[in-house]
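Below is one structure, written out as structure tokens, with a few remarks after it.
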Amino acid sequence: MLRAYFRDLSTAFGQGWTRFWFAPTDPLPLCCLRIIVGAVACYSVLSYSWDLIALFGPRGMVPVGVVEALGSSDFRWSYLDYLPTSGSLWAAHWVGVAVTALFACGVWTRLTGLLSLVVTLAYWHRGPMLTSEMDYVLAFLLLYLNVGPCGDYLSITSRWRRNLPPVRPRFSATLALRLIQVHLAVVYLMMGIGKLSYSDVWWNGEGVWWLIRKPESTWFDWTWLAGHELAVNAWTHAIVAYELAFGVLIWNRWARPLLLLWGVVHWGLLAPLTGMGPFCLLMLAGSLAFVSSPVLSIVLRMRPTEG
Amino acid sequence: MPESSQLPSEGVRAAISFGLLLHFFALFVAVCSNVTPSALESRLRTVPGVRPYLQLLALDVPYQFQLTYAEEADFDHFLAATLELPDGQTHSVRIPEAHTWPGLRYRRLERLAGKVARSAEDWDLGNLLPQSVAESLLTQWSARSGQLRCPRPDIARLQREGAFVAPDLEAASDPREIYYRGGYDARIVRVGGLVQLFKAEPLAESAPTAVTSAPSSERPAQPPLGDEANRSADVENDENQAPQRPPRAKAAGDVP
């Protein structure tokens with residue numbers, strides 16, 4: 001009996017594993033993600049333009065030696081380390097901007113996707129003290145986009161190859177989307193757990209108020225909420241509840257649509273509150289991995305694929 | 001279950017599944033071992049290939065994004081430098097400026113300022129980053145000397161005021177100044193070809209009090225506070241004078 005149980009268990013697990021990771025799906029959600037993630041990657045690299053030489057140039061504020069000495073990471077590699085002159089830095093910088101822009105537009109996404117990852121990580125490793133939450137999320141989303149066919153739709157390349165056969169569901173799209181889904185669920189769960197583990201303000205309902213009191217970060221003046229303590233408490237608890245709920249309930253098909261809608265409100269309010277627009281946009285965009293292709297096809301008024 | 005014709009071959013599936021297991025093992029290690037790890041979790045980081053894989057791909061993160069700890073570390077930092085130009089004039093630089101555009105640029109520079117603030121007070125990290133920032137500023141503006149400040153958020157005041165009291169933002173020209181007091185303050189001097197930082201100790205730290213004063217011989221020699229011109233002249237006369245080490249202080253740590 002025990003033997004039969006384990007035989008059935010292994011069979012069921014194997015079938016479930018195969019279905020979860022390898023059942024072919026349409027890559028439309030992946031392609032939508034590519035546009036947003038590529039655009040944020042381009043913006044991220046572009047945002048260095050104002051201070052490129054002041055930060056990384058000869059006698060810049062963040063010399064390679066200091067980055068290595070501070071040792072935030074034992075293993076690092078950046079092609080920016082090997083560019084000693086301002087001219088070479090500028091050339092590499094604009095190539096990086098172009099590569100990420102091409103990826104967002106969907107030009108040779110297999111190549112530009114890989115190069116976008118290299119470019120983004122190069123800046124990350126060149127100035128780790130300049131990175132924020134957004135960079136961590138961007139790194140894994142770019143990594144996983146390289147796994148799947150993220151250029152099959154909504155891309156310049158797909159426009160060029162109109163005479164080719166239509167896009168069909170592929171297992172590599174499933175693989176990429178599942179990787180994003182699992183990683184994102186882990187991130188949400190850890191965000192929720194982290195808030196409750198290390199700070200009282202997320203327990204006592206003051207968390208949002210402390211964010212409001214960072215006047216330089218918020219997009220608007222939220223201090224009028226000072227007279228609405230209960231609203232601030234509710235918002236604080238809602239943030240934690242959403243993060244914990246997303247990590248667990250997003251796998252339930254009934255709860256998923258509600259969580260995705262709640263996510264629009266959650267991130268839509270957090271962006272102006274924290275001033276972390278790109279981070280909030282990436283987290284919201286990551287949720288696209290949980291939206292089915294037929295739903296996206298309806299929203300985008302596209303014809304769904306065969307299969 | 002999808003038809004087998006739609007699936008990749010068994011060999012491909014096995015290879016990918018093995019890769020997935022390795023990837024998620026590494027991710028598990030990153031999430032578990034970056035914040036107060038157990039001995040076992042720390043040991044897992046030593047599994048060959050795990051750290052290079054995580055660090056090179058920027059995956060070595062616990063993902064416990066707090067947004068706020070209600071601590072100093074998560075308040076916006078900025079650097080305020082006053083540079084003395086060769087023509088005798090002074091030039092003030094703020095990094096980041098109050099309304100730096102685009103927002104991501106502000107965020108990056110704010111992170112840099114925060115790192116300077118923390119490393120300046122961390123015995124182990126020393127003055128490496130503040131020094132490179134100071135040197136860069138002097139070079140950029142062709143200045144010979146100056147002052148580098150990195151104000152600290154006045155958490156005590158915030159906590160004293162309690163929650164749900166709106167700050168009076170109109171009271172200051174720069175809203176950041178309202179809740180920032182003291183912090184890192186150093187004199188930047190170019191001595192020969194080298195840029196050196198001489199940290200100004202807060203009065204409470206440097207001036208002996210009547211009750212608990214230590215003998216003056218026990219205190220390290222420090223450049224005098226207040227008279228900037230005399231201090232810089234003293235420093236320039238003594239090119240071998242080492243910069244003051246910052247007091248030992250626990251680093252606030254990175255807040256991802």
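Letters A, B, ... mirror the listed sequences (proteins, then strands); counts begin at 1.
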Between chain B and each of A:V186, A:L117, A:L179, count heavy-atom pairs under 4.5 Å; write down the option with the most. A:L179
Say you draw a straight line from CD of B:E10 to CZ of A:F22; how long is it, rounded to the nearest 0.5 Å? 11.0 Å
Below 4.5 Å from any heavy atom of chain A, which atoms of B:L59 appear? Answer side chain, backbone, both or neither. side chain
Identify all side-chain donor-acceptor contacts of residues 14-23 of chain B below 3.5 Å with residues at least two apart in sequence or on another chain.
unit_1	atom_1	unit_2	atom_2	d
B:S17	OG	A:W17	NE1	2.8
B:S17	OG	B:R13	O	2.7
B:H23	ND1	B:Y53	OH	2.6
B:H23	NE2	A:Y144	OH	2.6

What closest approach, in Å, do B:S136 and A:A54 show between heavy atoms, and which atom pair accounts for it? OG-O, 3.7 Å
Would you compute the distance between atom CG of A:L46 and atom CZ of B:R105 and round it to the nearest 0.5 angstrom? 11.5 Å
List the steps and the verdict of side-chain contact (heavy atoms from CB on, under 4.5 Å) for A:D51 and B:I95. CA-CA 11 Å; A:D51 311 297; B:I95 301 173; over 6 Å; no
Where does A:Y188 contact chain B at under 4.5 Å (heavy atoms): side chain, backbone, both or neither? neither
dist B:D60:CG -> A:Y136:OH (nearest 0.5 Å) comes out at 9.0 Å
Point-to-point distance, once rounded to the nearest 0.5 Å, from CG of A:L121 to CG of B:L57: 6.5 Å
Which pair of heavy atoms, one from B:L7 and one from A:P24, lies closest together, and at what distance? CD2-CD, 4.5 Å
Can you tell which part of A:W222 gets under 4.5 Å to a heavy atom of chain B, answering side chain, backbone, both or neither? neither
Keeping the roles fixed (side chain from B:Q66, backbone from A:G194), state whether a donor-acceptor pair exists under 3.5 Å. yes
Any chance you could measure B:R107, atom CZ, to A:T131, atom OG1, to the nearest 0.5 Å? 12.0 Å
Please classify the contact of A:L142 with chain B as side chain, backbone, both or neither, using a heavy-atom distance under 4.5 Å. neither
Tightest non-hydrogen contact, residues A:A69 and B:L128, listed as CB-CD1, 3.4 Å
Please check if the number of heavy atoms outside B:F28 that lie under 6.0 Å from its CZ is greater than 12. no
Atom pair CG (B:L79) and CE (A:M61), whose distance is rounded to the nearest 0.5 Å: 8.0 Å
The salt bridge (charged side-chain N to carboxylate O under 4.0 Å, His left out) partners of B:R108 (sequence neighbours excluded) come to A:D135
For chain B, find which of A:V62, A:L175, A:I193, A:N204 contributes the most heavy-atom pairs closer than 4.5 angstrom. A:L175
Taking atom CH2 as the centre, does A:W50 end up with more than 12 heavy-atom neighbours from other residues, nucleotides or ligands that are less than 6.0 angstrom away? yes
For A:R59, which atoms come within 4.5 Å of any heavy atom of chain B: side chain, backbone, both, or neither? both
Do the side chains of A:V182 and B:L27 get nearer than 4.5 Å, heavy atoms only? no
Look at the side chain of A:H125 and the backbone N and O of B:Q55, then say whether any donor-acceptor pair between them is shorter than 3.5 Å. yes
Can you say whether A:S44 sits under 4.5 Å from chain B via the side chain, the backbone, both, or neither, judging by heavy atoms? both
Would you check if B:F65 and A:V137 make a side-chain contact, meaning some heavy-atom pair closer than 4.5 Å? yes
Heavy-atom check, side chain of B:L67 versus side chain of A:L270, under 4.5 Å: yes
Quick check for you: among A:F140, A:F279, A:Y43, which has the greatest number of heavy-atom pairs under 4.5 Å with chain B? A:Y43
Side-chain heavy-atom pair B:L56, A:W77 within 4.5 angstrom cut-off: yes
